[in-house]
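Take a look at the structure set out below.
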Amino acid sequence: MAGISLKNISKVYSDGTVAVNDLNLEIENKEFIILVGPSGCGKSTTLRMIAGLEDVTDGELKIGERVVNNIAPKDRNIAMVFQSYALYPHMSVYKNMAFGLELRKVPKDEIERRVTEAARILDIEHLLKRKPKALSGGQRQRVALGRAMVRSPDVFLLDEPLSNLDAKLRTAMRAEITKLHRRLETTFVYVTHDQTEAMTMADRIVVMKDGIVQQVDTPQNLYKSPVNKFVAGFIGSPAMNFVNCTNETVKGKAQLVLADTVIPVENSKLNSKLVSLGEMPLTMGIRPEDLTIDSNYLKNNPDSCITAKVEVAEPMGSETYLYADYFSSKLVSRVYNEDKINVGEEIKLAVKNEKIHLFDRNTGLNILTL
């Protein structure tokens, strides 16, 4: 068991491309941490540096108490699970899981014990004699996990392990990997571009962009208190809505000036901050579930309403996503009532005042961090 420490880690390729820039991250022993971000943000490069598959250009990388910058991958006591499974097609499931142990000259009875135990935990005992071509995608992923488990590593590294599976199987495997982490009590470092995976599985999430860590926090804190507009827009599905506005102060009370309306700021923290900052260009952020057509809320909060034109109504079973246009700002509202909404109709949307996020339009920073 081991934690991981990355201090001032950078990766610069020979052509000058900066893949990771001055990354600092402390991963606790037994923690399940997930690196997320768009393609090219540096998350997989970071994972590969931990694995030893990429050299560290600058900084110090420790696994447990050892500095591993110059230690070969095979000597780091890590196990990696790849997107492509990387199973040997000519070997049985048993041989795939046992092969790494055989190379390390582990006694046969110990190999038998470890493979059998891993197969039991992963519910693949009945597949041990099959070859990979006879397995489904989910079964192959379980074999890949089993092959990693039998090595009893200090750290599991998982690089987009579910991206090749269909949606239903991905959901099931998310739960299986979470249960596996709890059972093994080992450090997991997981890379994905799917923020739903991150939100449902991680103890903490590392959000990256252009090789730079934007925020590290629990899923709940990332959702409720994003430090900047990028994190706010990346975490959450559907994504947060953004509307440009400015602020003004009238008799000590801040209010937001939108295209055709003025919304009072009820949140005391935001109000104090806006009063102290003075007038500035802002972006208002509001989650789809906090942009409502509820008649009671509309009636009781008439000053927080905007009028938008519905472009698409997307039924999702128990809820509907309304896609609307507000002076060229594209808004999504998650609604739960069963009133029929017609495309092209103008509707009133109430902004749940206490749920507003505000970002400096020039820097993208949450104004509460200024």
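Annotation: the span from Q255 atom CD to T261 atom OG1 amounts to 9.5 Å, rounded to 0.5 Å. Atoms CG and CD, from L169 and Q141 in turn, are 9.0 Å apart once rounded to the nearest 0.5 Å. For the atom pair CE of M97 and CG of L145, the computed distance is 9.5 Å after rounding to the nearest 0.5 Å. If you take OH on Y326 and CG on L349, they are separated by 10.5 Å, rounding to the nearest 0.5 Å. Taken to the nearest 0.5 Å, the CZ atom of R174 stands 11.5 Å off from the CE atom of M199. Atom-to-atom distance recorded for N8:CG and D22:CG is 4.5 Å, nearest 0.5 angstrom.
A salt bridge does not link E117 with R114: none of the charged nitrogens is closer than 4.0 Å to a carboxylate oxygen. For the pair R204 and D217, the salt-bridge criterion is not met [side-chain N within less than 4.0 Å of a carboxylate O]. Between K108 and E112 there is no salt bridge, since no side-chain N of the basic residue sits under 4.0 Å from a carboxylate O of the acidic one.
Placement of V206 and I177 in two distinct hydrophobic clusters is found when ILVMFWY residues are connected by side-chain heavy-atom separations under 4.5 Å, directly or transitively. In this structure, V213 is a member of the same hydrophobic cluster as M49, with clusters built from ILVMFWY side-chain heavy atoms closer than 4.5 Å. Residue Y323 is not grouped with residue I293 when hydrophobic side chains (ILVMFWY) are merged at heavy-atom distances under 4.5 angstrom, including chains of intermediate members. At a threshold of 4.5 Å between side-chain heavy atoms, the hydrophobic network of Ile, Leu, Val, Met, Phe, Trp and Tyr places Y297 and V332 in two separate groups. At a threshold of 4.5 Å between side-chain heavy atoms, the hydrophobic network of Ile, Leu, Val, Met, Phe, Trp and Tyr places L358 and L368 in one connected group.
Looking at every heavy atom in both residues, Y13 comes nearest to A19 through CE1-CB, 3.6 Å. Of all heavy-atom pairs spanning V150 and L101, the tightest one is O-CD2, 3.7 Å. Contact between P73 and I78 at its shortest, heavy atoms only, is O-CG1, 4.3 Å. Residues F234 and Q195 come closest through the heavy atom pair O-CG, 3.3 Å. Scanning both residues, N228 and Q214, for their nearest heavy atoms gives ND2-OE1, 3.0 Å. Between A308 and A324, the shortest heavy-atom distance links the atoms CB-CB, 3.8 Å.
Formation of a donor-acceptor pair under 3.5 Å by the R140 side chain with backbone atoms of A86 is not found in this model. Without hydrogens or angle criteria, R76 side chain to I71 main chain gives a donor-acceptor distance under 3.5 Å. Panel note: side chain K43, backbone G37; a donor-acceptor pair is recorded below 3.5 Å. In terms of modelled atom types and a separation under 3.5 Å, the side chain of N301 and the main chain of S304 share no donor-acceptor contact. A side-chain donor-acceptor contact under 3.5 Å links S276 to the backbone of K273. Between the side chain of N96 and the main chain of S92, a donor-acceptor pair closer than 3.5 Å is present. Judged purely by atom type and a 3.5 angstrom limit, N366 has no side-chain atom pairing as donor or acceptor with the backbone of F359. S225 places no side-chain N or O within donor-acceptor distance of the main-chain N or O of L222, the cut-off being under 3.5 Å. D154 places no side-chain N or O within donor-acceptor distance of the main-chain N or O of A2, the cut-off being under 3.5 Å. D360 contributes no side-chain N or O that, together with a main-chain N or O of L365, makes up a donor-acceptor pair within less than 3.5 Å.
Taking the six-membered ring where the residue is Trp, F32 and F188 present tilted rings, their angle falling between 30° and 60°. The aromatic rings of F99 and Y88 sit perpendicular, their planes meeting at an angle over 60°, well past the 30° parallel limit.
Dense packing is recorded around CG of D75, with more than 12 heavy atoms of other residues, nucleotides or ligands lying under 6.0 Å away. Atom NZ of K224 has 12 or fewer heavy atoms from other residues, nucleotides or ligands within 6.0 Å. When the shell of 6.0 Å around NZ of K62 is examined, it contains more than 12 heavy atoms from other residues, nucleotides or ligands.
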side-chain contact (heavy atoms from CB on, under 4.5 Å) between L87 and K131, intermediate numbers included | CA-CA 9 Å; L87 301 178; K131 291 188 177 176; over 6 Å; no
Working for side-chain contact (heavy atoms from CB on, under 4.5 Å), residues C305 and L298 = CA-CA 7 Å; C305 297; L298 288 164; 3.5 Å; yes
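With contacts defined as side-chain heavy-atom distances shorter than 4.5 Å, the pair M149/F156 qualifies. In this structure, the side chains of I356 and V265 stay at 4.5 Å or more apart for every pair of heavy atoms. Contact annotation: the side chain of E266 never approaches that of E354 to less than 4.5 Å [non-hydrogen atoms, C-beta and beyond]. Using a 4.5 Å cut-off on side-chain heavy atoms (C-beta onward), L270 and I367 make contact. Put simply, the side chain of T249 does not reach to within 4.5 Å of the side chain of L274, judged on heavy atoms. Looking at L291 and V351, their side chains come closer than 4.5 Å, going by heavy atoms from C-beta outward.
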Distance-only donor-acceptor pairs under 3.5 Å for side chains of residues 279-288, two or more places apart:
from : atom 1 : to   : atom 2 : distance (Å)
T283 : OG1    : N244 : OD1    : 3.3
R287 : NH1    : A232 : O      : 3.3
R287 : NH1    : I235 : O      : 2.6
R287 : NH2    : Y223 : O      : 3.0
R287 : NH2    : I235 : O      : 3.3

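Residue K11 forms a side-chain contact (heavy atoms from CB on, under 4.5 Å) with just one option from T46, V56, D55, V18, and that option is D55. Partner of Y190 under the side-chain contact (heavy atoms from CB on, under 4.5 Å) criterion, out of L162, L47, L35: L162 alone. Here the rule is side-chain contact (heavy atoms from CB on, under 4.5 Å) with E289, and of K352, R334, K355 only R334 fits it.
Legend: residues meeting ring pair (Phe, Tyr, Trp, His ring centres under 6.0 Å) with Y321, ordered by chain and number and at least two apart, are absent.
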